[in-house]
Amino acid sequence: MLDELYQAIILDHYRQPRGRGELEPPKITQEGFNPSCGDEVIIDLRVEDGRITDVRFHGHGCSISQASASMMTEAVRGKTLAEAHALIQQATALVKGELDGDFETLGDIVALAGVRYFPVRVKCATLAWHTLEEALKQVE
Amino acid sequence: MLDELYQAIILDHYRQPRGRGELEPPKITQEGFNPSCGDEVIIDLRVEDGRITDVRFHGHGCSISQASASMMTEAVRGKTLAEAHALIQQATALVKGELDGDFETLGDIVALAGVRYFPVRVKCATLAWHTLEEALKQVE
Amino acid sequence: MKTARLSVNAGEVRRQFPFFQPHPEMRSVIYLDNAATTQKPYTVIEAVSNFWAHHNATVHRGGHGVGAKASELYEAARTRVAQFLNAREPNEIVFTRGTTEAINLVATAWGEAFVQAGDEIIVTELEHHANLLPWMRLAEKQQATLKVWRITDDGRLNLDDLRELLTERTRLVAVSHISNVLGGVNPVAEICHLAHAAGALCLVDAAQSIAHMRVDVQRIECDFLMFSGHKAYGPTGIGALYAKREHLEAMPPYHVGGGMVQTVRWERVRWAEPPMKFEAGTPPIGEAIGLHAALDFIDSIGREAIESYEHELTQYALRRLQETPGVRLYGPVPDRTGIFAFTLEDIHPHDIATVLDTRDIAVRAGLHCAHPLSERLGGPTVRASLALYNDTDHIDALIEALHHTRQVFGYAG
Amino acid sequence: MKTARLSVNAGEVRRQFPFFQPHPEMRSVIYLDNAATTQKPYTVIEAVSNFWAHHNATVHRGGHGVGAKASELYEAARTRVAQFLNAREPNEIVFTRGTTEAINLVATAWGEAFVQAGDEIIVTELEHHANLLPWMRLAEKQQATLKVWRITDDGRLNLDDLRELLTERTRLVAVSHISNVLGGVNPVAEICHLAHAAGALCLVDAAQSIAHMRVDVQRIECDFLMFSGHKAYGPTGIGALYAKREHLEAMPPYHVGGGMVQTVRWERVRWAEPPMKFEAGTPPIGEAIGLHAALDFIDSIGREAIESYEHELTQYALRRLQETPGVRLYGPVPDRTGIFAFTLEDIHPHDIATVLDTRDIAVRAGLHCAHPLSERLGGPTVRASLALYNDTDHIDALIEALHHTRQVFGYAG
Ligand SMILES: Cc1ncc(COP(=O)(O)O)c(C=O)c1O
Ligand SMILES: Cc1ncc(COP(=O)(O)O)c(C=O)c1O
């Protein structure tokens, strides 16, 4: 179980986060915060013609929250808003153990599946995704 | 037990209280109050040459508190302060069931002995006596 | 009615309560002091014990599985309260020690933020001190005016009197759902409606109704409503405040401390979202779980069944009290519940209670934490109050004991 | 030390706790989160259950024998707390929900009456939010100045720094007896002495000391001191505030409601005497009785025995932690108790706690409701905290699990 949580791929995203940083304006910024443990993820987005053209994150927290944010930036860059929404759905369902069927399309994100055995950590894994969801509300 | 509490003599003091009323000034006045049940006893005293020359009470409350006050006025009228203090001691010990030995000198007050079986009512029976004690402090 | 009557068997209900089981060292008591506090079923006592024995941990702090389980149980209790009151969401429920703390919370956090000098607050003449003193103090502090909605001579609240009192300066009407002395059910939905029409909020003290009738915050449309667990077959140390989400969001916090902040820096504090914002420090966790079990107990009997059973018992008690010589009963006759304040001849209520106590009948005597109302009634009274586990035998024993009391005090048979 | 060690047998102590008994459906846990809350012995759980089962009634209201017994038990609990703290009299003890409520009570009732614009309040940098936010809020409300007594780099409070902060405008020094993060014991008697010499009062938050060392209010000479039952083997929902009688008399009430008045008339309210003045509404009765049993439990082991046993265990844990590669331990080394905040390599504390949790070791990770202190330390930490029932095996298991954690995160053995 522990091995499933702390897979090499998660530790790799934690140690070498993709998409870490901030964007120059104009951008959309959204802050996400988990008061029970202090994890913080701030997302910068650029959306053009209904497509996420660039995305970065910064903040601090546990390996799960930061790796999840890193994976998120990789996964949604270049996606349409509709595709991003679908990914948010799938990723959050995955970490709660509620996703049936096709995992193939998720790429690295699949590594988050192990979180389902650790209810205390679900909030860490979903933080970046919920923050993205809030950010997209700013677009719409 | 109940018969011991509500003896004829107590009901008699309750119905025909002795010493009920107020004194004209100069006097010492002391208010006594039992917040848990609302019983109230106000004592007026006149003390001359170390002796209680007159005493009255008024107020309202249950039969025990009012009968006890009535008995108290009868018992302490004409007594020296030292004698009054001794009576306070004896009467409060009596209602708590802590008095050994000689009850003879207590007169009607002996009727309060039944209160000892009713811990909830001890405060009613002692109210007049504690109020008298406070009043005497004003003298000294 | 008849069918509903069949649905509650008080004898069977008593078997669910340790208090009513024979005990080698204790005399069995006819408990008629339910408006003060109710007895607790085994399920409630066991829910609390079981939590402390096996799941005890503090809540909402990351770390370990025991804590996660404790948090889950605590939040499940909140959801249960929300559902019981028909709140829109669990986040509208704040756990408090009881009714008194909940009203103090509203009077301080909401009151000091939203009541200004010259504003008016309306309270009724039949309030318990818990729903009176916080408003008297708030009015004094904010230089607002406290207006008293007097009762009619038969112990009811007349809506026309409220219409006269309401003005555009009225900020709040605070009223109890059921008076803890007179037992009358107040028309709280209508009261809230009138308050809202005048631009005021409406607070309902449900301490006496929660265990005896359906309490539906959406139907009442109240802004605030609160109750105590210990009067609803639950533990001491726990109660709940319901408040519309918008109010909880607008109000500043009450107690401050751990668990109710997002971040604390020397320069700036960010509060957590409601309801956490109002739950500083370690909450009464075991007690919240016990309250959950208490609400389950109530629903296992059924609120409609309880209401109709208690209604019938109330009618019986009313009849028996009215036919007892020397009894003077207070409060309205229609729309009343099983709370009976009365006097007997001119025997002092404490003396009556003592005689009843020697017959192992527990009632309360005095001013019932409602001094202004008691003064209006003319002084202290005896209060007998019913719950689900009482039955007609208890009323009969009470009546017989009242006859006996008259004899002790020398009134002719 | 050796002889004292023999006086506590942790294995035998654990047999007095249901939490540590084998359970068919639950895994047994090495519980190292005692600074958050302690487990409860059977005697505490039974005292509360027994009250609710057989003696349940509300307190301080005339009427019946059950109520008289309940009041007696409740007041006996107060007397027990007074004796445990060596207060001068039971009337110096006010029951509250816990430490947080007690500090809020003092900050509001005492603070708003006695702290004026321009006055100063001193808090330390190592306070829990419970002993920080009430003072930040009070300072803001009264336009007083909050002064922060910084810790030294090795996590201690330097009395000379306090001497510099104290002025004639200082009204209060608020300090915890033991930090809930660093575990250091603060010299509270000296602090109170300095505060008094400057004309200020002194408040001691004893949440973390009450179960682990002798707390004597007359020896400390504090003006206010408070603790929570649930951190001292007692129930949730109960705590106590000690205050010198003169302060309780001078302070206005906090919550207002039933039970804390002598008379209420529309024009005028007369408050009851302390401590009743501060206990509005139905108090946590069962919980107070549970707290009584908890203090009896502590004294059945013996406070000197506990202190010396835990001291030895602390020394052992310190040694083992210090020799574990990658562990960085915070807090002072001498005068410290069994609360260990640490980090391991650069692994995030939540990740560490999760790995430990999979080995059924319960610790806490995060900012420990002490954000300013955590910021000073550089961020979140893991916290392992000891109690009476822990022993060296538990420390060994912790250390082994930390080695394992390093491996999971790819640090060389
Ligand atoms: C030092 C200190 N003060 C205050 C508190 C707050 O105690 P409670 O949450 O029981 O009110 C705690 C517990 O977390 C603490 O450790
Ligand atoms: C109508 C009413 N309101 C408030 C209260 C206070 O409840 P608690 O003492 O549980 O806070 C009571 C109980 O005495 C009550 O009957």
Side-chain angles (χ1 to χ4, degrees), chain C residues 18-19 23 26 29 33 36-37 39-40 45 49 52-54 56-58 61-66 97-101 104 128-130 133-134 137 148 228 230 235-238 255-258 261 263-264 266 269 280-282 284-287 350 353 357 362-366 369 371-372, chain D residues 18-19 23 26 29 33 36-37 39-40 45 49 52-54 56-58 61-66 97-101 104 128-130 133-134 137 148 228 230 235-238 255-258 261 263-264 266 269 280-282 284-287 350 353 357 362-366 369 371-372:
Chain C
F19 188 84
H23 187 287
M26 265 171 289
V29 170
D33 194 14
T37 198
Q39 298 305 329
K40 325 296 173 210
I45 300 174
S49 298
W52 285 337
H54 303 299
N56 175 62
T58 196
R61 310 278 185 271
H64 47 78
V66 199
R97 176 168 43 241
T99 308
T100 304
E101 187 185 21
N104 275 272
H128 186 279
H129 291 166
L133 295 175
R137 181 163 68 172
V148 182
S228 303
H230 71 94
T236 48
I238 186 80
H255 292 155
V256 292
V261 291
T263 49
V264 174
W266 292 111
V269 177
T282 305
I285 311 170
E287 294 81 350
H350 282 111
D357 195 29
V363 298
R364 193 167 149 193
C369 295
H371 291 188
Chain D
F19 188 84
H23 187 289
M26 264 169 291
V29 170
D33 194 15
T37 198
Q39 297 304 331
K40 325 298 174 208
I45 299 174
S49 298
W52 285 337
H54 303 299
N56 175 61
T58 195
R61 311 277 185 271
H64 47 78
V66 199
R97 175 169 43 243
T99 308
T100 303
E101 186 184 23
N104 276 271
H128 186 279
H129 291 166
L133 295 174
R137 180 162 70 171
V148 183
S228 303
H230 72 94
T236 47
I238 186 79
H255 293 155
V256 292
V261 292
T263 49
V264 174
W266 292 112
V269 177
T282 305
I285 311 170
E287 293 82 348
H350 283 111
D357 195 28
V363 298
R364 193 166 149 193
C369 295
H371 291 189

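By convention in this document, chain letters (A, B, ...) are assigned in the order of the sequence lines, proteins followed by strands, and residues within each chain are numbered from 1. Keep in mind that the numbers below use all heavy atoms, side chains included, and drop hydrogens, waters and symmetry copies.
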Check: Going from NZ on D:Lys40 to NE2 on C:His54, what distance comes out if it is rounded to the nearest 0.5 angstrom?
Finding: 14.0 Å
Check: Which atoms of C:His255 come close to chain D, meaning under 4.5 Å heavy atom to heavy atom: side chain ones, backbone ones, both, or neither?
Finding: both
Checklist line | Closest approach of D:Arg97 to C:Pro284 (non-hydrogen atoms, all atoms of both residues) | finding: CD-CD, 3.8 Å
Notebook entry, point to check: If every non-hydrogen atom of D:His371 is compared with every non-hydrogen atom of C:Thr263, which pair is closest and at what distance?
Noted result: ND1-CA, 3.5 Å
Item checked: Choice from C:Arg137, C:Met26, C:His128 maximising heavy atom contacts with chain D below 4.5 Å -> C:Arg137
Notebook entry, point to check: Given the options D:Ala280, D:Gly257, D:Ala36, which has more heavy-atom pairs under 4.5 Å with chain C than any of the others?
Noted result: D:Gly257
Next item on the list: Between chain C and each of D:Ala53, D:Ser228, D:Pro18, D:Pro235, count heavy-atom pairs under 4.5 Å; write down the option with the most.
Entry: D:Ala53
Next item on the list: Against chain D, label C:His23 side chain, backbone, both or neither, depending on which of its atoms sit under 4.5 Å from a heavy atom there.
Entry: side chain
Check: Counting heavy-atom pairs under 4.5 Å to chain D, which of C:Gly258, C:Gly98, C:Gly366 comes out on top?
Finding: C:Gly258
Next item on the list: Report the distance from atom CD of D:Glu287 to atom OG1 of C:Thr236, rounding to the nearest 0.5 Å.
Entry: 3.5 Å
Check: Do the non-hydrogen side-chain atoms of C:Leu133 and D:Val269 ever get within less than 4.5 Å of each other?
Finding: yes
Item checked: Options D:Thr58, D:Val264, D:Asp357, ranked by heavy-atom pairs under 4.5 Å with chain C, top entry -> D:Val264
Notebook entry, point to check: For C:Ala362, does its backbone N or O pair with a side-chain atom of D:His64 as donor and acceptor, under 3.5 Å?
Noted result: no
Check: Any idea which of C:Thr37, C:Val148, C:Asn56 has the most non-hydrogen atom pairs under 4.5 angstrom with chain D?
Finding: C:Asn56
Notebook entry, point to check: Can you tell which of D:Thr282, D:Val256, D:Thr100 has the highest number of heavy-atom pairs within less than 4.5 Å of chain C?
Noted result: D:Val256
